[in-house]
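Residue numbers run from 1 in the order of the sequence given. Counting starts at 1 for both ligands and their atoms, in listed order. Every value quoted in this text rests on a predicted model; they were computed, and no experiment measured them.
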Amino acid sequence: MTIRLRELLLGLRDLRLANAAVIVHSSLKSLGQVEGAAATVVNALVAAFDTVIVPTFTYKTMVIPLVGPENNAITYGSGQDLNRMAEFFTARMPADPLMGIIPETFRRHPRARRSSHPIQSFTGINAGKYLAAQTLTNHLAPLGRLEQADGWVLLMGVNHTVNTSIHYAENMAGRKQFIRWALTPQGVVECPDFPGCSAGFEAIASEMEKFTRKVQIGGALVQAVPLKMLVKAVVGQIRRDPLALLCQQEDCERCGEIRKQGIR
Ligand SMILES: [Zn+2]
């Protein structure tokens, strides 16, 4: 079955989020065949919600210096090849393909506006007050504003391992953050509060189950998670267990560093 705008709109309406503001993480492929592809999904999101925000992160701006602070889950001097390929951040830099095609399509929507963080920019429609909150030293501030506004996280065919709002909650809980560096037209810029690894985040799903609204659209399970409840759950888990939501990969540098340090 081919998914059209109508199926997307009806499905999103079934979530009963009214005029909520949403941050969207998505997989176009998970939906199956979509008539008009990513542009149709973007049109559906913009029609269904007052305010839509997506991450349009740009990892190819990142460079690794020769030296830097300790306990930073990075091998200094290891980026010689990567550094040569790094590109200056500009507002027109495409969103990283890791985020799927929908954020990049959203970014190119005529009404879309983008914040200017060289690694972790967000793009939004009708989201000026959220985007304006972002600074170099507080890149997750738009999610704080979204939390205050009773916003929702929308996971379209993806799970919590891509849920950026959990990074915001980790930061709120006092979990160790990292420093990374980005190439900008003003030179190399230090970007503090770079979050840890998200591979273990699906472990929050069971606690969030009772607050999560779900609809099936084509092949995709679409979940709406209330941001306030999510932050409360994540902060609670990390306060009870400083190792909560870390991944199980032995060679994971950032989770390994957090295991060593616990709460900062
Ligand atoms: Zn990890």
Side-chain angles (χ1 to χ4, degrees), residues 23-27 30 54-65 68-79 81-83 86 95-100 103 117-122 138-140 143-144 153 155-182 190-209 212 223 225 227 230-264:
I23 177 163
V24 182
H25 305 282
S26 55
S27 155
S30 72
V54 304
T56 43
F57 298 169
T58 46
Y59 300 117
K60 66 180 175 187
T61 61
M62 294 174 78
V63 291
I64 301 176
E70 284 178 22
N71 307 318
N72 194 27
I74 199 167
T75 308
Y76 294 109
S78 69
D81 293 338
L82 209 67
N83 291 358
D96 195 283
L98 273 179
M99 267 158 293
H117 192 285
I119 305 173
Q120 288 135 310
S121 65
F122 292 96
N138 193 358
H139 65 90
L140 295 172
L143 301 176
V153 178
L155 303 173
M156 300 183 77
V158 292
N159 66 19
H160 286 287
T161 59
V162 298
N163 185 350
T164 308
S165 298
I166 297 179
H167 288 309
Y168 166 73
E170 286 183 304
N171 194 318
M172 290 291 104
R175 175 165 275 177
K176 179 181 169 60
Q177 309 280 287
F178 302 95
I179 297 170
R180 293 295 181 265
W181 292 265
E190 183 176 295
C191 303
D193 274 7
F194 191 84
C197 149
S198 59
F201 283 0
E202 185 58 10
I204 201 70
S206 55
E207 188 175 340
M208 289 312 296
E209 180 73 26
T212 301
Q223 306 184 75
V225 184
L227 189 46
L230 176 70
V231 172
K232 207 173 155 192
V234 171
V235 170
Q237 283 205 11
I238 294 175
R239 296 240 162 105
R240 286 191 298 277
D241 171 12
L243 307 186
L245 304 174
L246 298 182
C247 85
Q248 301 305 320
Q249 288 171 34
E250 273 177 31
D251 60 347
C252 179
E253 283 188 290
R254 282 177 290 168
C255 290
E257 197 56 55
I258 289 166
R259 280 201 177 84
K260 269 196 273 172
Q261 305 229 340
I263 301 260
R264 73 182 163 209

Determine how many protein N/O/S atoms sit closer than 2.8 Å to the Zn ion (ligand 1), leaving waters out since they are not shown.
-> 4
Determine all donor-acceptor pairs shorter than 3.5 Å in which one atom belongs to a side chain in residues 160-168; sequence neighbours excluded.
unit_1 : atom_1 : unit_2 : atom_2 : d
His160 : ND1    : Asn163 : ND2    : 3.1
Thr161 : OG1    : Asn159 : OD1    : 2.5
Asn163 : OD1    : Ser165 : N      : 3.1
His167 : ND1    : Glu170 : OE1    : 2.9
Tyr168 : OH     : Glu147 : OE1    : 2.9

Indicate yes or no: does Lys260 engage Glu257 in a salt bridge with an N to O separation below 4.0 Å.
->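 Salt bridge present between Lys260 and Glu257.
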Can you tell me which residue pairs pass the side chain to side chain donor-acceptor pair (under 3.5 Å) test with a partner in residues 196-207, sequence neighbours excluded?
-> Glu207-Gln237
Specify the closest pair of heavy atoms between Ile179 and Pro69, including all atoms of both residues, with the distance to one decimal.
-> CD1-CG, 3.7 Å
Of all heavy-atom pairs between His117 and Cys191, which one has the smallest distance, and what is that distance?
->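 Taking every non-hydrogen atom into account, CE1-SG, 3.9 Å.
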Name the atoms and distances for all side-chain donor-acceptor pairs under 3.5 Å in residues 54-64, with sequence neighbours left out.
unit_1 : atom_1 : unit_2 : atom_2 : d
Thr56  : OG1    : Arg114 : NE     : 3.4
Thr56  : OG1    : Ser121 : O      : 3.2
Thr56  : OG1    : Ser121 : OG     : 3.2
Thr56  : OG1    : Thr123 : OG1    : 2.9
Thr58  : OG1    : Pro118 : O      : 2.7
Thr61  : OG1    : Thr58  : O      : 2.9
Thr61  : OG1    : Pro118 : O      : 2.9

